[in-house]
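Order of the sequence lines fixes the chain letters, A, B, ..., with proteins taken first and strands second; residue numbering starts at 1 for each chain.
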Amino acid sequence: MIEIPSKYDPSIVEDKWYKYWMEHNFFHSEPDEREPYTIVIPPPNVTGVLHMGHMLNNTIQDILVRRARMQGKNACWVPGTDHASIATEAKVVDKLRKEGISKDSLTRDEFLAHAWEWTDKHGGIILEQLKKLGASCDWERTCFTMDKIRSESVIKVFVDLYNKGYIYRGVRMVNWDPAAKTALSDEEVNHKEEKSKLYYVRYKIEGTADEYVTVATTRPETILGDTAVCVNPNDDRFRHLVGKKVFVPLVNRLVPIIADEYVDMEFGTGCLKITPAHDINDYEIGLRHHLEVIDTFNDDGTLSEKAQLLVGVDRFEARKQIIPMLEAAGNLVKIEDYNNKVGYSERTDVPIEPKLSAQWFLKMGDITKPAATAVENDEIKFYPAKFKNLYRHWMENIKDWCISRQLWWGHRIPVYYLADGSFVVADCEENALEQARRKTGNNQLTIKDLRQDEDVLDTWASSWLWPISVFDGINNPDNKEINYYYPTNDLVTAPEIIFFWVARMIIAGYEYRGNLPFKNVYFTGIVRDQQRRKMSKSLGNSPDPLDLIAKYGADGVRVGMLFCSPAGNDILFDESLTEQGRNFSSKIWNSFRLINGWEVDPSIPQPEHSKLGIEWFKAKLSEVIVTMDDHFDKYRLNDALMTIYNTIRDEFSGWLLEIIKPAYQQPIDAKTFQEVSELFDEVLRLLHPFMPFISEEIWQLLKERKHGDSIMISEWPKPVANQEVICEKFELIKEAITGIRAIRKEKDIANKEHLKLFIVAGEKGFIPEYNPILLKMGNLSELEVTDKEVDGAMSFRVNTSAFYIPLGDVVNLEDEILKIEEELKYTIGFLESVKKKTGNERFMSSAPAQVVELERKKQTDAEEKIKMLEERLVSFKSSMS
RNA sequence: GGGAGCUUAGCUCAGUUGGUUCAGAGCAUCUGCCUUACAAGCAGAGGGUCGAUGGUUCGAACCCAUCAGUUCCCA
C-alpha cells in the first residue's frame, strides 16, 4: 500500500508526467517498419493565443494520436504555426502606429524587420500552451509556414504552376479592403445586414425636353462612374426606351439604355444604373454589353480624378455630399429606408469596395478535378458526411483563386518585371536574371534591371501545401519521410475553413503527390456560449483555457469539452462541463484509493462472489472495447468517451468494486487483488487518450513499473470474443439486486439490515450460480429456492422468476396484488400488440425471417410471464381469504 | 434571390438498409441516504402524441409530398 493524497491534484501530476513524456521522447517519430499514423496540426496563427476552439480541436487530435500510438502504429503529430499574412501584418501595423510609426514611412525591409521581431517575441506561445493541454505533438518537427523549407516550397510551387499555365495575371473585380489596401478572397468577406437608404435618381433622356428614367440605388456616389442604364428586355414599361441615351446626372455624360435579363423588374423602378467599375454584377453586364469602365475611386476609398467631382473625398462622405448636389440639379426623386447586406473585411472590418485591379490568379479548372472526385468517391471521408454536399457544391461552382495580396508580410511573389513591363517567373534572383537575359537576348542585364512584384501570396497559398511541406515533399519529392508519412491519416479542423484550406489541400495533394493529403476529415463544431453566441475576445464570453486548466486540470477540461461535442455540431460550452470532467477525475482517483488501501492476505482463498464478479467484468470489458473501437472507427469520440465514462462509474466502481470489496478492515485475497489490478490497468488504458494525465498517474501507482515505462506506449486493449452470454446473465442479477434495493427503499429498511430472500424459480430470470453475488449485494442472510407461496412478503419479478422478501406485518397484501395486476395488465397489452403482428398473414409472409422469429419469441415469453403472474395472483388471493 | 441542413425529454444530442419488451444517453429536476473509497458521492424516480398535416407500407422517429419554424453557406 502506497501513501497517496485523498484528493487528486492535477496541477502537480500533469506537469510531472508531461515532463516525463518529453524526457523519454515518447512524442517523437521516425520512419520505421511500423504502420504510420500521421496528423498535421491546423497551424494556428503564429502570434495568436490559445482559445477554446484550439482546445477542442487539439484535444480531438491528441485523442486520435494517443490511441493510434497505443495500437502500435508509428504515430506522428506534426505541430507548427501559420504566418497569417493579413492578421499578423495588421497587428504589427497597429503596434507601430501606437509607437508613432506609420507603415508608409518604412521601407519593405524595415517593416519586415519589425514583423520578424514581433513574430520572434510572440511566436510559438500558443505551442507552449498546447503542452499544458497534454498535446503529444512531435515538437522536434515544429514547422512555420515562413521558415526556409516551407517558403522555398511555396515559391517553387508558384513557379511550377505558372510554368504549367495555371497562373495568370488578370484584371478582375476583387474585394478591395480600403483600410488594408489589399484584395481579399470572397471567403474573407463577411456580409452584414444594414439599415441604409434607397435613393431614387432620375436621368434625363437625350433629345427630350422633360423625359426621364428613374433608377434606384444604394450608392449614389458611384453615379459619377455610370456608363449605362439597364432595363429588363421583357419589361413593357421601358421597351421603347432601349437604344436611346440618357445623361448621367451632374457630369452629363451621355450613356446608352441597354436591356439585360439580369434586371429584376420588381425591384425599385425596374431601371438599373450600371457602374462597371464598382459593382460585380454591373461589371459582368458591362462585359456583355462592351461598356466603358470608369474607375472613380482611389485605393484608399476616396474619389479619384476620374470622378470629376468630389475628388479626394472619402466614399461615405461623398455619399452624404452628393445628395444635396443631386437635389439641386433636380435629379433626386425620393429617398426610402432600405435594408441591405454589405460586405465587410474579415480582417479590418471596413466595408469592402468592389474594385478592378490587377491580381494574380490560379485557374481552378482541371487542377480541381481529382479533388472533387476523391471526396465524391469517399476516398477522402468527411465526418460528419453532410459536409460532402457543401464541398461538392463549392467545387462545382469554384472560381479562380486570387492569390496575390497587397501586403509585405508573407511570401513575395516570384515575378520579376523588366523595364518594358514584361516579366519572368523564377524561384530566385539568379534564375530570374538568367531567364531575363535569355528572353531579351541582352546579356548585359543585371539584377538591378529587374523589379520583383511588390505583392505577397495569400496565406492559404502556403498552408494548402502543409501536409506535404512539413515533410519537405515539395523540395525533395522522393525523400524518406514524405514517402513514409504521406498521405496523412486524419485532419481535424473547423467547417468554416473547408474551402479556404481543406479543399485546397486536397487539390494540392493530388497535384503535387498524385495522392490524397489525408484519408479522413473530422469537422469540429464552433465553440459557443450558452446563448449560442460564438466565443470571441470582443464579446468577452470566452474563458481563458489556461485558467480552466488551472482550475479543473487538463484532463477535466478535455473531457468536459468532449462531453458536448458530437462531430460537426457546435458545442455549447459551459464551465459546468469541465466541472463534470473534474468530478470524473475524482471518481477515478477514489476508485484507485479504495483498491490501494486494501491489505492483501495471500492465505485466504478467493470468494465465489469475487470470482464471478471478475469473470463478468472481463466479459463486460470485451463488450466495452468492441463498442469503443466501433465509435472510434466512426469518429464518434464523444460516444467513445461516454462509453468509458459509464464503464468506470457504473460497471467498474459501482458493481465490480462493490462485489469484491472485503468487509470493513478485512484483507482481500491475493487472486482477486491481482485480477482487479489488471482490469483497472486495462480500463485506464481505454481512458488514456481522453485523460492522459490521471490515467498515467494511477497506472504508474498501480504496480511497480520499469523505468521509462508509460501507459502512453502500452497496448490498446483487445476484446475477447463471445462474451455476450455472461453479460446477459449478469444483467438479470443486477435486476434482482435492484428489486431488493427498491423494496428496502419502499419500506425504509437500512442497507445494513440483513434480509431473507425466497425465490420461486421460473424458466427464466434466475441463475443459481450467481447466488453468491445476490447474497452479498443484496445483503441477504439467507436465500432459499422454493415452489411455495411466501406469506407476508414483498415481491418482485425478473422475467418469469418471482422473488420474495418476507417482512411480516409491514406487508400490505392488497398493494402486492395491485402491483401484480398492473404488471399483468401491461404484459397482456404487450402480448396483444405482438399477436397483432404474428396474426397478420402479410407480416408473417413479408417480414424477414429474423424479425418473425423475434416476434414469436416475444409472444412465448409474454405468454409464460402471464401464466406466472396469474398463478401468483391466484395464490395471493387465496392466502388473503 | 439560389443552395444545403436542422426540428426527438427542461437543455445538448444518439437513434446505423423502416421491424427486439409500447423511443435512448449525458446534464438538469425530484425523492431518499453524511452506507467505513468517493456528498466532486450513492440508491432511485419522473419527464417525449419524435415540428404540423397528408401519403407509401403488414409495420414509419426513419421513406415521399406539402406546410411551419430555424441555422448556415452563396449572391
Side-chain angles (χ1 to χ4, degrees), chain A residues 4 6-8 186-187 189 191 264 266-267 280-281 341 343 384 386-394 396-397 399 495-496 498-499 525-526 530 532 552 556 563-566 568-574 576-577 579-598 630-631 634 636 638-639 641-643 645-646 649-650 653-654 657-658 661 663-666 737-738 741-742 744-746 748 750-753 779 799 826-827 829-834 836-848 850-855 857-859 861-862 865:
Chain A
I4 55 161
S6 66
K7 290 241 187 306
Y8 177 67
D186 289 344
E187 286 78 12
V189 178
H191 293 271
D264 179 357
E266 306 296 319
F267 183 81
I280 180 68
N281 297 308
K341 278 191 175 170
K386 64 179 176 186
F387 289 110
K388 244 179 104 167
N389 293 336
L390 194 66
Y391 179 87
R392 184 192 311 117
H393 192 248
W394 190 73
E396 281 168 1
N397 297 289
K399 292 186 206 134
E496 305 157 295
I498 185 169
F499 308 130
I526 296 164
Q530 288 296 298
R532 277 201 181 268
Y552 301 102
F563 274 135
C564 57
S565 52
N569 279 328
D570 288 356
I571 89 162
L572 270 54
F573 184 80
D574 189 89
S576 67
L577 290 161
E579 213 175 298
Q580 194 189 337
R582 179 203 50 189
N583 294 354
F584 184 40
S585 299
S586 244
K587 180 73 192 173
I588 304 163
W589 186 246
N590 282 314
S591 298
F592 171 63
R593 280 178 60 219
L594 176 66
I595 294 173
N596 185 58
W598 286 331
D630 184 52
H631 287 320
K634 292 173 180 153
R636 302 173 66 140
N638 61 325
D639 288 332
L641 169 63
M642 202 50 78
T643 304
Y645 177 77
N646 287 329
R649 283 195 357 166
D650 300 339
S653 299
L657 293 186
E658 291 300 334
K661 188 156 108 181
Y664 184 53
Q665 291 196 328
Q666 294 299 304
I737 293 163
T738 301
R741 285 174 181 165
R744 279 184 190 275
K745 190 174 178 186
E746 194 182 332
D748 205 18
N751 289 333
K752 287 180 208 164
E753 201 173 315
N779 198 16
N799 268 351
Y826 166 84
T827 314
F830 173 69
L831 181 63
E832 284 308 306
S833 76
V834 175
K836 231 189 245 173
K837 287 191 203 172
T838 52
N840 183 328
E841 259 181 57
R842 295 193 64 179
F843 170 78
M844 297 303 276
S845 57
S846 52
Q850 253 184 328
V851 176
V852 173
E853 186 52 40
L854 212 58
E855 292 301 320
K857 188 174 166 291
K858 284 198 283 191
Q859 187 173 342
D861 281 4
K865 181 149 191 188

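B/G1 and B/C74 make up a base pair, with Watson-Crick or G-U wobble contacts both under 3.5 Å. Across all strands shown, B/G69 pairs with B/C6; the Watson-Crick or G-U wobble distances both stay below 3.5 Å. Across all strands shown, B/U31 is found opposite B/A43 as a Watson-Crick or G-U wobble partner, with both distances under 3.5 Å. Partner assigned to B/U17 is none, using Watson-Crick or G-U wobble distances below 3.5 angstrom. Nucleotide B/U12 forms a pair with B/A25, judged by Watson-Crick or G-U wobble geometry with both contacts under 3.5 Å. Applying the Watson-Crick and G-U wobble criteria (two distances, each under 3.5 Å), B/G54 pairs with B/C64.
A/W394 has its CH2 atom 16 Å from the C1' atom of B/A75, to the nearest Å. Taking atom NZ on A/K587 and atom C1' on B/A43, their separation rounds to 12 Å, with Å as the unit. Taking atom NE2 on A/H631 and atom P on B/G15, their separation rounds to 10 Å, with Å as the unit. Atom-to-atom, CD of A/Q580 to C1' of B/C38 comes out at 16 Å; the value is rounded to the nearest Å. Atom CZ of A/R593 is separated from atom P of B/A39 by 9 Å (rounded to the nearest Å). Rounded to whole Å, the distance from CH2 on A/W598 to P on B/C38 is 13 Å. Between the P atom of B/U12 and the CG atom of A/D639 lies a distance of 18 Å, rounded to the nearest Å. Atom CZ in A/R582 sits about 13 Å away from atom C1' in B/C38, given to the nearest Å.
The only member of A/F563, A/Y552, A/Y645 that meets ring-ring contact (aromatic ring centres under 6.0 Å, His included) when paired with A/F584 is A/Y645.
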Item checked: Audit row: A/E855, A/F843, side-chain contact (heavy atoms from CB on, under 4.5 Å) steps and yes/no -> CA-CA 11 Å; A/E855 292 301 320; A/F843 170 78; 3.7 Å; yes

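The separation of B/C11 from B/G1, taken at their P atoms, amounts to 31 Å, rounded to a whole angstrom. Spacing between B/G3 and B/U8 at atom C1', rounded to whole Å, works out to 26 Å. A gap of 38 Å separates the P atoms of B/C74 and B/C27, to the nearest Å. Spacing of P atoms, B/A14 relative to B/C6, comes out at 10 Å, to the nearest Å. Nucleotides B/A9 and B/G51, compared at atom C1', are 15 Å apart to the nearest Å. B/G15 and B/A39 are spaced 34 Å apart, taking the C1' atom of each and rounding to whole Å. Atom C1' of B/G46 sits at a distance of 14 Å from the matching atom of B/G32, rounded to the whole Å. The same atom, P, is picked in B/A60 and in B/U20; the two are 12 Å apart, to the nearest Å.
Residue A/R649 places at least one side-chain N or O under 4.0 Å from the OP1 or OP2 atom of B/C27. Regarding contacts with the backbone of B/C27, every side-chain N or O of A/S576 stays at 4.0 angstrom or more from both OP1 and OP2. Note on A/K7: every side-chain N or O is 4.0 Å or more away from OP1 and OP2 of B/C38. For B/G15, one of the phosphate oxygens OP1 or OP2 lies less than 4.0 angstrom from a side-chain nitrogen or oxygen of A/R636. For the OP1/OP2 pair of B/C13 and a distance below 4.0 Å, the side-chain nitrogens and oxygens of A/N638 include no atom meeting the criterion. The phosphate of B/C74 (OP1 or OP2) has no side-chain N or O of A/Y391 nearer than 4.0 angstrom. Listed pair A/K745 / B/C33 fails the phosphate criterion, with no side-chain N or O lying under 4.0 Å from OP1 or OP2. Note on A/N590: every side-chain N or O is 4.0 Å or more away from OP1 and OP2 of B/A40.
When each of A/D650 and A/L594 is assigned the nucleotide of RNA chain B with its nearest heavy atom, A/D650 is the one assigned upstream, toward the 5' end. Residue-to-nucleotide proximity on RNA chain B shows that, of A/N646 and A/T738, the 5′-proximal contact is made by A/N646.
Within the nucleic acid shown, A/F584 has no heavy atom closer than 4.0 Å to any nucleic acid atom. A/N751 comes within 4.0 angstrom of a base, heavy atoms only. Counting non-hydrogen atoms under 4.0 angstrom, A/K634 reaches a base of the nucleic acid. Within 4.0 Å (heavy atoms only), A/Q665 reaches no atom of the nucleic acid at all. Within 4.0 Å (heavy atoms only), A/E658 reaches at least one base atom of the nucleic acid. When heavy atoms are screened at a 4.0 angstrom cut-off, A/N397 is found touching no nucleic acid atom at all. A/E579 comes within 4.0 angstrom of nothing in the nucleic acid, heavy atoms only.
Here the closest non-hydrogen pair linking A/R593 and A/I4 is CG-CD1, 3.2 Å. Contact record, A/A862 with A/T827: O-CG2, 3.9 Å, taken as the closest heavy-atom pair.
Looking at the side chain of A/N389, the nearest of the listed nucleotides B/G5, B/C73, B/A75 is B/G5. Closest contact between the side chain of A/F843 and the listed nucleotides B/A40, B/U36, B/G19 involves B/G19. In the set B/A37, B/A75, B/G41, B/G41 carries the atom at the smallest distance from any side-chain atom of A/N583.
With salt bridges taken as basic N to acidic carboxylate O contacts below 4.0 Å, none links A/D861 and A/K865.
Side-chain contact annotation: A/R649 with A/N646, donor-acceptor N/O pair under 3.5 Å absent. Checked by atom type, the side-chain pair A/E396/A/Y391 shows no donor-acceptor distance below 3.5 Å.
Contact of the A/I498 side chain with the A/F387 side chain is registered, since non-hydrogen atoms from C-beta on lie closer than 4.5 Å.
A/N397 CG: more than 12 foreign heavy atoms inside a 6.0 Å radius.
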